[in-house]
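Here's the structure, in structure tokens; my notes come after.
No experiment lies behind these values; they were computed from the predicted model shown. The residues of the chain are indexed from 1 along the displayed sequence.
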Amino acid sequence: MNPILKEDLQTINKLLSDTLVQGLTYLSKLDETPTSVDLISPTEKNLSSVGVGGQEALKEFIDRFESFMVASSGPRYWGFVTGGSTPAALMGDLLATIYDQNTQTTKGHGDVSAIVEFETIRLLLELFGLPDDFMGGFVTGATMSNFTCLGAARQWVGKRQGYDIARSGLTEPIHILSAVPHSSSIKALSMLGIGSRQVTKIPTLGPTREAIDMSQLEEAILRLNGEPFILISSGGTVNTVDFDDMKAISALKEKHHFWWHIDAAFGGFAAISPKYKHLLEGWERADSITIDGHKWLNVPYESAFFFTRKEHTLLQIETFQNSNAPYLGDPNENFNYLNFLPENSRRFKALAAWFTLRAYGKDGYQEIVERTVNLAQEFGQFITDSAAFELLAPTRLNTVCFTLTNGSEKDVNAFLSQLNDRGKIFMTPTFFNGRAGIRAALVNWRTTTEDVQIVKEEMNQVVQNLQSSAR
């Protein structure tokens, strides 16, 4: 054994203990850690013939890179709809790294990780009030969750067109209907060979709405003359958290044959709250659902899960099975995740979700959802009351979409750049209804009313600074 590697093995307790202390130090200062920094690229190091060992590597990381780590898991990081990690989620993620299991099969000589994943999916179905008609699994993010769901949908369409797309490839166009699909769905269509330009955009209900116009949708369906299609609906749009009418779409399923996919990356969590679950009434009729884990579930980044109806199991197997691993008999009797989703090599992502769900339960997540929504409403009211800002759309749930009053795109960008540079808050730019805007998404379990107050003060200060410099 390499002598440095052997020494690290002998001192692994201290190495991991020192690393954990470093991580805990970061967490203890998270509220004060900047949300953005001026990144000065450090001089790159070359790979040496003789390594420095784990202790020196840790020291070098702290010296060269640690000061550039931003509070992306903190309470005032309101960009990209990014959550943090609950204490229990960190516990699960740490153990997932240490155990380093091959998360695949529920039987045979494998470990228990796939069984834990099955249980976690069932816990999530209970959390969202969805029936046991669904199965699911964990993937790396909403992009791969949409890819997984739309991959099975592609196979469904192919069967109705009379051929096996997974084996033969695409030979006919696939119709996609949607109003405001997320970019990750468009990316998935591109990767699946369906084509990012195959989406027929259905009008929304109005200029400040992102929900699909149901009458226009039905007209588009009728123009297809019974041809199979995929409907991608929104369970909470990114800019304004608008929801398509799930109940009305559910009724359409009684009259027309189509694959109904719901992108509910973070809006699906509305189902947890009695106040907001009406927004998803009828979604249990969907064929597939995408939900992110590293948003409102508050598990470490690079985590999402999908739900697909159990009746579509064979479609999923046909789409994702390894060609040299055919099934005998009922595939559920020989279940292996590598035949149900894109990745063969999979990290034990379900463990962080299992820990946090078991630790905080339905009540804990209902409190997180309702508190962050209330704080978003408070922040939205601040925008409404301020002469310097205006809402671009009503604050429907947890995201506030706003702009500067009478501000140009240049003005908005200057304001946001200066605001983010101060390091107390981070938001992202957007465009809505033809206007440059700013998006603030509140999903972090740490966020409190004190954080909202800090953000208000920071924004008012930046406005004053810009007004002073303009004089």
Side-chain angles (χ1 to χ4, degrees), residues 22-37 66-93 236 238 241 265-267 269-270 272-273 292-303 352-353 355-356 359-360 363-383 389 395 397-402 416 418-430 438-462:
Q22 174 61 29
L24 292 173
T25 301
Y26 168 81
L27 289 176
S28 69
K29 300 184 295 183
L30 191 57
D31 285 359
E32 292 78 41
T33 300
T35 52
S36 62
V37 295
E66 198 274 339
S67 62
F68 297 115
M69 293 293 151
V70 300
S72 56
S73 58
R76 294 184 302 279
Y77 195 91
W78 295 357
F80 305 111
V81 201
T82 304
S85 295
T86 66
L90 288 173
M91 293 163 63
D93 196 62
V238 169
V241 201
F266 64 97
F269 283 85
I272 297 172
S273 169
D292 244 326
H294 52 245
K295 291 183 169 63
W296 238 330
L297 189 61
N298 280 259
V299 300
Y301 215 60
E302 196 187 272
S303 177
F355 259 82
T356 195
Y360 311 118
D363 290 349
Y365 274 94
Q366 180 181 330
E367 190 277 330
I368 292 172
V369 167
E370 292 182 350
R371 168 162 47 91
T372 47
V373 171
N374 289 341
L375 293 173
Q377 299 293 329
E378 177 187 336
F379 182 61
Q381 191 60 50
F382 160 74
I383 298 296
F389 308 104
T395 305
L397 204 64
N398 67 314
T399 299
V400 183
C401 188
F402 67 99
L416 183 59
Q418 189 172 137
L419 180 69
N420 287 342
D421 284 347
R422 291 169 67 89
K424 293 288 186 69
I425 175 68
F426 183 82
M427 302 182 198
T428 44
T430 191
I438 299 169
R439 190 183 56 143
L442 285 72
V443 292
N444 190 289
W445 67 277
R446 288 175 175 262
T447 307
T448 67
T449 189
E450 288 78 12
D451 294 302
V452 175
Q453 185 58 37
I454 290 171
V455 173
K456 293 176 184 177
E457 293 169 0
E458 287 290 297
M459 290 173 64
N460 285 333
Q461 186 61 57
V462 171

Between the CZ atom in Arg446 and the OG1 atom in Thr372, the distance rounded to the nearest 0.5 Å is 15.0 Å
Q. Got a donor-acceptor contact below 3.5 angstrom from the Asn420 side chain to the Met427 backbone?
A. yes
When you measure from the side chain of Asn298 to the backbone of Gly84, do you find a donor-acceptor pair of N or O atoms at a distance under 3.5 Å? yes
For the side chain of Arg371 and the backbone of Thr447, is there at least one donor-acceptor N/O pair under 3.5 Å apart? yes
- With the side chain counted from C-beta on, respond yes when Glu66 and Gln22 share a heavy-atom pair under 4.5 Å apart, and no when they do not. yes
Note: Val81 and Lys295 closest approach over all heavy atoms is O-CG, 2.9 Å
Checklist line | Leu297 backbone acceptor or donor facing Tyr365 side chain under 3.5 Å | finding: yes
In short, Tyr26 meets Ser72 closest at the heavy-atom pair OH-N, 4.2 Å
request  = Please determine, by modelled atom types, if Gln453 and Glu457 share a side-chain donor-acceptor pair under 3.5 angstrom.
outcome  = yes
Please work out which of the three classes, parallel, tilted or perpendicular, describes the rings of Phe382 and Phe389, given edges at 30° and 60°. tilted
Side chain Trp445, main chain Ser85, donor-acceptor under 3.5 Å | yes
*asked:* With a 6.0 Å cut-off on the ring centroids, do Phe379 and Trp78 count as close?
replied: yes
Any side-chain to backbone donor/acceptor pair from Gln377 onto Thr395? Under 3.5 Å, distance only.
yes
- Would you check if the side chain of Tyr360 reaches a backbone N or O of Ala88 as a donor-acceptor pair within less than 3.5 Å? yes
The complete set of salt bridge (charged side-chain N to carboxylate O under 4.0 Å, His left out) pairs with one or both residues in residues 75-93, sequence neighbours excluded, reads Arg76-Asp451, Asp93-Arg347
When every non-hydrogen atom of Thr82 is compared with those of Gly79, the smallest separation belongs to OG1-O, 3.1 Å
